[in-house]
Amino acid sequence: MMNEHPEHSPEDQRRRTLHAIHCSGLNVQNVWIRYFSLTGNVSEFEIDAYLNGAITLTALDPDLVSHAVNELITETPPPPAAPYSDHSEDPGVMAALSGQENRDILDGLGNADDMDEVDEVDDGSTGAGEGSGQGT
């Protein structure tokens with residue numbers, strides 16, 4: 001039976017847990033509170049020292065810290081999405097944003113030989129005659 005969670009060295013687990021904390025914007029105090037609520041019994045100072053590589057934790061504590069971090073990450077709401085303009089309700093605008101308009105143009109070109117001509121015209125290397133079909 002394959003292990004769903006591959007094992008990591010204690011040092012790798014510590015580094016990756018610290019990385020997860022930093023990437024998710026968590027802080028040690030919140031991690032410690034969650035860890036403590038999961039039956040953890042070392043101090044916030046010791047958790048901070050562990051995460052920064054100054055001490056090692058024994059027994060189940062590293063896994064409790066990782067579990068606390070993972071719980072907090074899953075409870076963190078995603079960042080807000082960037083809004084679109086009022087023009088985004090126009091189907092033509094959304095097709096252009098999704099690239100559908102470009103796919104329709106490419107579909108109309110036919111075969112791969114035609115694609116070479118498009119690359120020659122619109123490769124941006126000359127900057128002149130763009131879209132005119134004439135190279136310089």
Side-chain angles (χ1 to χ4, degrees):
M1 183 162 142
M2 187 173 195
N3 187 353
E4 187 176 319
H5 303 285
E7 292 185 30
H8 301 285
S9 71
E11 176 59 17
D12 185 49
Q13 180 182 13
R14 182 199 65 77
R15 283 185 309 100
R16 293 177 71 168
T17 301
L18 183 61
H19 181 71
I21 291 169
H22 287 185
C23 288
S24 60
L26 298 174
N27 63 50
V28 174
Q29 182 180 27
N30 290 340
V31 170
W32 176 77
I33 290 169
R34 181 59 59 96
Y35 156 84
F36 192 75
S37 76
L38 295 170
T39 71
N41 61 3
V42 300
S43 71
E44 180 181 345
F45 178 79
E46 289 170 297
I47 295 297
D48 191 30
Y50 158 70
L51 290 169
N52 288 292
I55 65 170
T56 58
L57 297 177
T58 59
L60 195 56
D61 286 316
D63 287 333
L64 283 174
V65 172
S66 293
H67 190 72
V69 169
N70 289 334
E71 279 190 1
L72 290 168
I73 288 171
T74 60
E75 293 171 4
T76 303
Y84 291 102
S85 71
D86 292 337
H87 304 292
S88 66
E89 294 184 22
D90 177 350
V93 171
M94 290 311 289
L97 291 173
S98 70
Q100 185 62 46
E101 204 170 79
N102 295 335
R103 285 191 289 274
D104 291 344
I105 291 168
L106 293 176
D107 287 345
L109 289 176
N111 63 36
D113 294 335
D114 292 338
M115 291 299 295
D116 292 337
E117 291 177 26
V118 172
D119 288 341
E120 290 173 17
V121 172
D122 198 21
D123 70 357
S125 61
T126 63
E130 188 173 308
S132 68
Q134 299 177 4
T136 53

So how far is it from [X] [atom1] to [Y] [atom2], rounded to the nearest 0.5 Å?
| X | Y | atom1 | atom2 | result |
| --- | --- | --- | --- | --- |
| L57 | L64 | CG | CG | 9.5 Å |
| R15 | S9 | CZ | OG | 7.0 Å |
| T76 | L26 | OG1 | CG | 5.5 Å |
| S66 | Y35 | OG | OH | 11.5 Å |
| L38 | D63 | CG | CG | 11.5 Å |
| L18 | H22 | CG | NE2 | 4.0 Å |

If I compare all heavy atoms of [X] with all of [Y], which pair ends up nearest, and what's the gap?
| X | Y | value |
| --- | --- | --- |
| V69 | A20 | CG1-CB, 4.1 Å |
| E46 | S43 | OE1-N, 2.8 Å |
| R14 | G53 | NH1-N, 3.5 Å |

Exercise for review: Decide side chain to side chain contact (heavy atoms under 4.5 Å, CB included) for Q29 and I33; before the verdict, give the C-alpha distance in whole Å, the side-chain angles of both, and the deciding distance to 0.1 Å.
Suggested key: CA-CA 6 Å; Q29 182 180 27; I33 290 169; 4.1 Å; yes
Review point. Any donor and acceptor pair, going by atom type alone, linking the side chain of N52 with main-chain N or O of A54 inside 3.5 Å?
Key: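 Not confirmed, N52 side chain does not pair with A54 backbone.
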Review point. Is a side-chain N or O of W32 found less than 3.5 angstrom from the main chain of V42, in a donor-acceptor match?
Key: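 Yes.
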Check your understanding: Is L51 close to T17 at the side-chain level, that is, under 4.5 Å between some pair of heavy atoms?
Key ->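 Side chain of T17 against side chain of L51, heavy atoms only: contact under 4.5 Å found.
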Review point. Under 4.5 Å between any side-chain heavy atoms of D61 and I47, yes or no?
Key: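 A side-chain contact is absent here, since even the closest heavy-atom pair is not under 4.5 Å.
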Check your understanding: Are Y50 and F45 connected in the hydrophobic side-chain network, where two residues link if heavy atoms are under 4.5 Å apart?
Key ->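 Not linked; separate clusters.
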